[in-house]
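In what follows, chains are A, B, ... by sequence order, proteins preceding strands, each numbered from 1.
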There are 4 protein chains.
Amino acid sequence: MRFSIDTSNGVPIYEQIVRQVTFAVAEGVLVSGQMVPSVRQLSTTLAINPNTIARAYQQLQSDQVLESLRGRGLVVRADAAPRCDAARQAILADRLRSVLSEALHAGLSTEQLREMFEQQIQNL
Amino acid sequence: MRFSIDTSNGVPIYEQIVRQVTFAVAEGVLVSGQMVPSVRQLSTTLAINPNTIARAYQQLQSDQVLESLRGRGLVVRADAAPRCDAARQAILADRLRSVLSEALHAGLSTEQLREMFEQQIQNL
Amino acid sequence: MRFSIDTSNGVPIYEQIVRQVTFAVAEGVLVSGQMVPSVRQLSTTLAINPNTIARAYQQLQSDQVLESLRGRGLVVRADAAPRCDAARQAILADRLRSVLSEALHAGLSTEQLREMFEQQIQNL
Amino acid sequence: MRFSIDTSNGVPIYEQIVRQVTFAVAEGVLVSGQMVPSVRQLSTTLAINPNTIARAYQQLQSDQVLESLRGRGLVVRADAAPRCDAARQAILADRLRSVLSEALHAGLSTEQLREMFEQQIQNL
DNA sequence: GTGGTCTAGACCACC
DNA sequence: GTGGTCTAGACCACC
C-alpha cells in the first residue's frame, strides 16, 4: 500500500498513518495476515522519524488492527476488517457532521451547504 | 453578540473567538462601527484569561476585521463584512473539501458520500 | 491655525498637537502673544477628548512655548519662536536620522536611499 | 544571524524581531529552508521571555515568512525572499514618506530637506 | 475606563 | 528536544 503524508495540515503524522492503515484494511487493500512495512523501512521511505511510525503502529495494535508476530513483524489481524470498516464509517460521518454543524451555526442554509457539497465533490 | 467557547474540542480558544467574530460580521450580527466587548469584560463573562481575548482581538486586527480606537476600544472596520463573508466561505469550503477528499481516498463512492451528507444534515 | 489629526498612525494625539503648535510657532504662523484656541473649543472642533487637548497644552507650557494669562487663556510666549525653530530642526533631523539609520542597517545602499528619497519627495 | 534588541526605543521587542528576521531574509542572510534559532535558545541569548519570541515567530508565520516543522523547529519558507524584500522596501519607504511629509508640513522646503538628508547620511 | 506589551511559569502534542 | 496555548499578574500610554 502507498502512504501519503501531509505535514502541513495540522493532523499529526502518526494519526495520518493510523487512519490510512485503518482505511486500507476497511477497503481490503490490506488483508488479514498481510505484513505492514517495518518501522525502519517506512521511516526511510517516508523520511519520517521512526518514533512517529512506532507510535502509529502501537496505536494500531491497541486498536486491534495489527498484531505482532514475534520476530517477524506486524500483520493485519484476522478480525480487523469489519472493525476498520465501522471505524472508517464512524470517523468520516463524525467529521462530516462536525463540519456541517459548524457551517449551520455560521449561518449557512441547508441549501447553501448542499450547493457547496456538490461544488467541492466535483472538484475532487 | 453571544460567544460560546468549547475548551475540550482542541480548537484554541483565541481561534474560536476569531471565528465567531468573523462569522458574526459575515452574517451582519456585528456591523461596521459597532464596538466589540472590551477585553476585560469578555474575559470575565467567558471566564477566560484577558491575554487570550487580547490575542484573538489582535489577530482580528491583523485580519483587518477590527480596528482600535486608542483608549476607547475596538470596533468593526467599515469594509469588514465582505472580507468576513469571503473568509467564512473559504474556511467552511476548505473544511468540507478536506473531509470529502479523505472520504474518497478512504474508498467511499460519491454516492455513498451524498447519502452520508443527507443523513447528517437531517440529524442537525 | 489649522490642526490635522491622524488617529491611525500610532502617534499619540496630544503629541501631534504639541508638534503642530511648535511647528506653527517656528514658521511664524503663530506669533508671540497670540492666543491658541481654548481646550473646550479645540476639543469640539477636533472631536477629541478635552483631557487630550489639556495634556498637550500642559506639555507646551512646560516646553515654554505657551504661557497662561490668568483668566484669559493660553498665549505664545515672547521668546518661543527660536526655541520652536530649534526644536523643529532637532525633531525632524532626528527622525530622518533614525529612518536612514534603520534603512542602512537593513542593507540598503546610500544610492538606493537617495533614490527612495527623491521618489518619495516627488510624491508629496 | 545576529539580533540586536533595543528595549528603550518604544518599538515592541517582538516587532523588532519580526523586522530583523524579515530584513535578514530580504538580504539573503537567512535563506529558504534555513532554521531560525529555537524559541528557547533565542530567549536565553537575548534574555527575553520565551513568550515574546514565540509571538514574533507566530507573526512571521502568518506573514508567510517562516513555517513550522512540527516538533523540529521553524524554517524560512521557500518563497519568502521576494515577500520580505517587498516588505522591507514598503516599510522603509513608508517611514521615509512619513518623515518627509511631516517636515514639509512643518514648513521646510524641498531644498532644506535635501540638505538635511545629505547631512544625516554623511554622519551615519 | 481602554488596549498593548511583557514576564513567569505551566502543560500539551509532537519528533 | 521543538513550538503552541493558556493563565496570572504587572505596567504602560492613552482617553
Side-chain angles (χ1 to χ4, degrees), chain A residues 5 7 10-17 43 46-56 59, chain B residues 5 7-8 10-17 35-43 46-62 66-75, chain C residues 5 7 10-17 43 46-56 59, chain D residues 5 7-8 10-17 35-43 46-62 66-75:
Chain A
I5 300 299
T7 58
V11 181
I13 294 172
Y14 78 91
E15 183 66 32
Q16 295 184 44
I17 295 170
S43 153
L46 295 179
I48 297 270
N49 190 301
N51 289 330
T52 304
I53 313 289
R55 178 168 178 182
Q59 180 165 342
Chain B
I5 300 299
T7 57
S8 69
V11 181
I13 295 170
Y14 77 88
E15 185 63 34
Q16 295 184 45
I17 295 170
M35 284 187 84
V36 292
S38 84
V39 168
R40 284 161 177 86
Q41 182 190 328
L42 194 53
S43 156
L46 295 179
I48 298 278
N49 190 286
N51 281 328
T52 303
I53 313 289
R55 178 169 181 182
Y57 282 175
Q58 205 83 31
Q59 182 169 337
L60 284 161
Q61 283 180 79
S62 76
L66 300 182
E67 69 181 326
S68 164
L69 304 183
R70 272 173 316 168
R72 306 216 283 110
L74 296 164
V75 299
Chain C
I5 300 298
T7 57
V11 182
I13 294 171
Y14 77 92
E15 184 65 33
Q16 295 183 44
I17 295 170
S43 154
L46 294 179
I48 296 270
N49 191 302
N51 288 330
T52 306
I53 313 287
R55 180 168 176 183
Q59 180 164 342
Chain D
I5 300 299
T7 57
S8 69
V11 181
I13 296 171
Y14 76 89
E15 186 63 35
Q16 296 183 45
I17 296 171
M35 284 187 85
V36 292
S38 84
V39 168
R40 285 162 177 86
Q41 183 190 327
L42 193 53
S43 155
L46 294 179
I48 299 278
N49 189 286
N51 282 329
T52 303
I53 313 289
R55 177 170 183 182
Y57 281 176
Q58 205 83 30
Q59 182 169 337
L60 284 161
Q61 282 179 80
S62 76
L66 299 183
E67 69 181 325
S68 163
L69 303 183
R70 272 173 315 164
R72 305 216 282 112
L74 295 164
V75 299

Asks: Quick one: the dot-bracket string of DNA chain E, using Watson-Crick and G-U wobble pairs with both distances under 3.5 Å, [ ] for crossing pairs and | for bases paired to another strand.
Replies: ||||||||||||||.
Asks: Does the side chain of D:Tyr57 come within less than 4.5 Å of D:Pro37's, by heavy atoms?
Replies: yes
Asks: Applying side chain to side chain contact (heavy atoms under 4.5 Å, CB included) to A:Ile17 and A:Arg55, what does each step give before you reach the verdict?
Replies: CA-CA 10 Å; A:Ile17 295 170; A:Arg55 178 168 178 182; over 6 Å; no
Asks: Measure the spacing between CG of B:Leu74 and CD of B:Glu67 and express it to the nearest 0.5 Å.
Replies: 9.0 Å
Asks: On DNA chain F, compare the nucleotides closest to C:Arg55 and D:Ser68; which residue's is nearer the 5' end?
Replies: D:Ser68
Asks: With rounding to the nearest 0.5 angstrom, report the CZ to CD1 distance, B:Arg70 to C:Ile13.
Replies: 5.0 Å
Asks: In terms of the nearest nucleotide of DNA chain E, which residue is placed more toward the 5' end: D:Ile13 or B:Gly71?
Replies: B:Gly71
Asks: Using every non-hydrogen atom in the two residues, find where B:Ser68 and B:Gln61 come nearest and quote the distance to one decimal.
Replies: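 So the two residues come closest at CB-OE1, 3.4 Å.
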Asks: So how far is it from B:Gln59 CD to B:Leu66 CG, rounded to the nearest 0.5 Å?
Replies: 11.0 Å
Asks: Quick one: does any side-chain atom of A:Ser43 pair with a main-chain N or O of A:Ile48 as donor and acceptor, under 3.5 Å?
Replies: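 Yes; judged by distance alone, with no hydrogens or angles, the pair exists.
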Asks: Can you list, in residue-number order, the parts of residues 47-54 of chain A that come under 4.0 Å of DNA chain E, counting heavy atoms only?
Replies: A:Asn49, A:Thr52
Asks: First and last nucleotide of DNA chain E in contact with chain B, 5' to 3', at under 4.0 Å to a heavy atom: what are they?
Replies: E:dG1 to E:dC6
Asks: To the closest 0.5 Å, what do you measure between CG (A:Leu46) and CD1 (A:Ile5)?
Replies: 5.5 Å
Asks: Which part of the nucleic acid, if any, lies within contact of D:Glu15, taking any heavy atom under 4.0 Å across all strands shown: a base, the sugar-phosphate backbone alone, or nothing?
Replies: nothing
Asks: Looking for any heavy atom pair under 4.0 Å, which part of the strands does C:Tyr14 touch: base, sugar-phosphate only, or nothing?
Replies: sugar-phosphate
